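The next block holds one structure in the form of structure tokens; read it before the comments.
If you're wondering where the values come from, they're calculated on a predicted model, not measured in any experiment.
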Amino acid sequence: MSTGRSRALDWAIAGCVAAALLVTGLSGQGSANPAGYAALVAGGLALAARRRAPVPVLVVTGLCAVGYQAAGFDVPAVAFLFAVYAAVRAGHRVVTVVASVTMLAALPLAAVASGSYDMGEAFAQARGALELAWLVAAGAAGEALRQAERRAEEAERTREETARRRADEERLRIARELHDSLTHQISIVKLQAEVAVHVARRRGEQVPEALLAIQEAGREAARELRATLQALRDDDTTPPRGLDDVPELVERARAIGLDATLTIEGRRQDVPAAVSRTVYRIVQESLTNVARHAAAATASVRIDCRPDTLDVRVDDDGRANQDTVPVPGVGLLGMRERVTALGGRLRAEPRGEGGFTVRAELPVDRLP
């Protein structure tokens with residue numbers, strides 16, 4: 001039920017209870033005390049706030065019931081019963097029990113204070129205004145509905161967890177199949193290319209550039225696929241890569257013939273795990289793009305550790321220029337999503353002196 005409809009329903013119930021109490025008071029033989037009529041109406045209207053403030057409503061309806069009993073009105077404490085139901089439903093059982101016991105003791109005293117009854121009559125009137133059975137029934141109804149709502153929420157949460165677990169299992173199965181099938185096929189391509197290169201060199205023939213490109217692409221594809229899917233294949237038992245693993249990425253870039261350098265400035269501090277993983281992915285994706293698309297000879301990775309931010313920059317001297325409009329691929333979009341999710345900024349564009357730059361600023365003081 002929407003919030004607006006809930007409030008309208010609450011006001012409707014409160015108005016009906018207030019009207020019923022007022023009519024009962026007017027039709028009885030009680031005093032014509034205006035304060036008593038005000039207590040009757042106030043006790044009913046207070047129920048409009050029973051969802052938002054069940055305990056204050058419990059107190060207000062109780063005081064109103066005591067007030068109109070003291071004014072000489074022989075009217076049941078209906079509003080207080082509604083408040084007991086709402087408070088128990090909200091989980092305030094101890095407060096409700098204390099308030100109920102207080103009411104059972106206060107109503108006879110209020111009847112005596114009105115001056116219209118002796119002690120015996122006052123207790124009889126108090127029992128008529130607030131029967132113990134009514135209290136128990138109101139509290140039991142509130143508790144029953146509270147338990148039903150809890151069971152419904154638990155069932156919904158269980159269904160969501162089950163669906164999420166099944167989705168995770170399906171993704172894991174797909175990742176395993178991809179890892180097994182694609183790694184096998186790429187390994188075959190790489191092996192055939194290496195054999196062809198080896199045979200050509202033994203015969204003294206010139207190795208075609210296309211064959212060397214196939215050989216290197218096979219090696220890189222195998223490394224990338226293994227790095228991307230191995231964690232899922234191992235059921236997430238391997239620790240995630242992070243800032244400490246960036247030097248390994250730079251060494252890999254050097255191994256494929258790229259003159260890559262790494263510079264880390266500033267004082268290393270406790271970097272949040274999410275930031276550490278994002279730094280690794282930015283450097284990994286940037287160096288991969290340099291090796292595949294940039295036709296660059298050099299690449300530099302610079303990490304500046306500041307007190308409140310961590311600045312990552314990857315530059316290359318490739319063929320990109322300021323007239324080149326970069327096409328955002330999956331890798332660049334993934335980097336931007338990671339950085340944005342951490343509240344940082346990413347800039348990826350051609351450099352004025354030629355080549356391409358990727359720069360990310362990641363906050364480290366706003367994360368746990």
Side-chain angles (χ1 to χ4, degrees), residues 1-114 116-117 122 125-146 149:
M1 186 181 296
S2 65
T3 303
R5 292 181 61 186
S6 298
R7 290 183 178 178
L9 180 60
D10 289 343
W11 275 106
I13 293 174
C16 290
V17 173
L21 291 174
L22 183 59
V23 169
T24 304
L26 290 172
S27 62
Q29 300 297 322
S31 169
N33 188 340
Y37 291 117
L40 288 169
V41 175
L45 294 180
L47 294 176
R50 71 184 192 278
R51 296 179 194 266
R52 301 186 298 276
V55 173
V57 169
L58 184 70
V59 174
V60 169
T61 54
L63 292 176
C64 289
V66 172
Y68 63 70
Q69 287 291 323
F73 287 90
D74 185 10
V75 179
V78 177
F80 182 75
L81 293 175
F82 274 90
V84 166
Y85 162 82
V88 174
R89 180 180 175 181
H92 304 290
R93 288 175 291 186
V94 175
V95 175
T96 304
V97 170
V98 172
S100 299
V101 172
T102 304
M103 279 289 292
L104 289 173
L107 286 178
L109 298 178
V112 171
S114 68
S116 302
Y117 309 96
Q125 181 178 347
R127 284 198 301 271
L130 186 63
E131 289 278 0
L132 181 60
W134 298 351
L135 276 175
V136 173
E143 181 65 19
L145 188 55
R146 188 176 77 91
E149 290 174 343

Going by atom type alone, with no hydrogens or angles, which donor-acceptor pairs under 3.5 Å involve a side-chain atom of residues 105-112 and a protein atom two or more places apart or on another chain?
none

List the atom pairs, donor and acceptor, that lie under 3.5 Å between side-chain atoms in residues 57-64 and the rest of the protein, sequence neighbours left out.
| from | atom 1 | to | atom 2 | distance (Å) |
| --- | --- | --- | --- | --- |
| T61 | OG1 | V57 | O | 2.8 |
| T61 | OG1 | L58 | O | 3.1 |

Work out which heavy atom in A79 is nearest to a heavy atom in G43; give both atom names and the distance.
CB-O, 3.3 Å
Which one of V97, V98, T96 satisfies the side chain to side chain contact (heavy atoms under 4.5 Å, CB included) criterion with S100?
T96
To the nearest 0.5 Å, tell me how far L45 CG sits from L40 CG.
11.0 Å
Indicate the atoms forming the closest heavy-atom contact of A77 with A65, along with that distance.
CB-CB, 3.9 Å
Under 3.5 Å, sequence neighbours excluded: what are the donor-acceptor pairs made by side chains of residues 81-89?
| from | atom 1 | to | atom 2 | distance (Å) |
| --- | --- | --- | --- | --- |
| R89 | NE | E149 | OE2 | 3.1 |
| R89 | NH2 | E149 | OE2 | 2.5 |

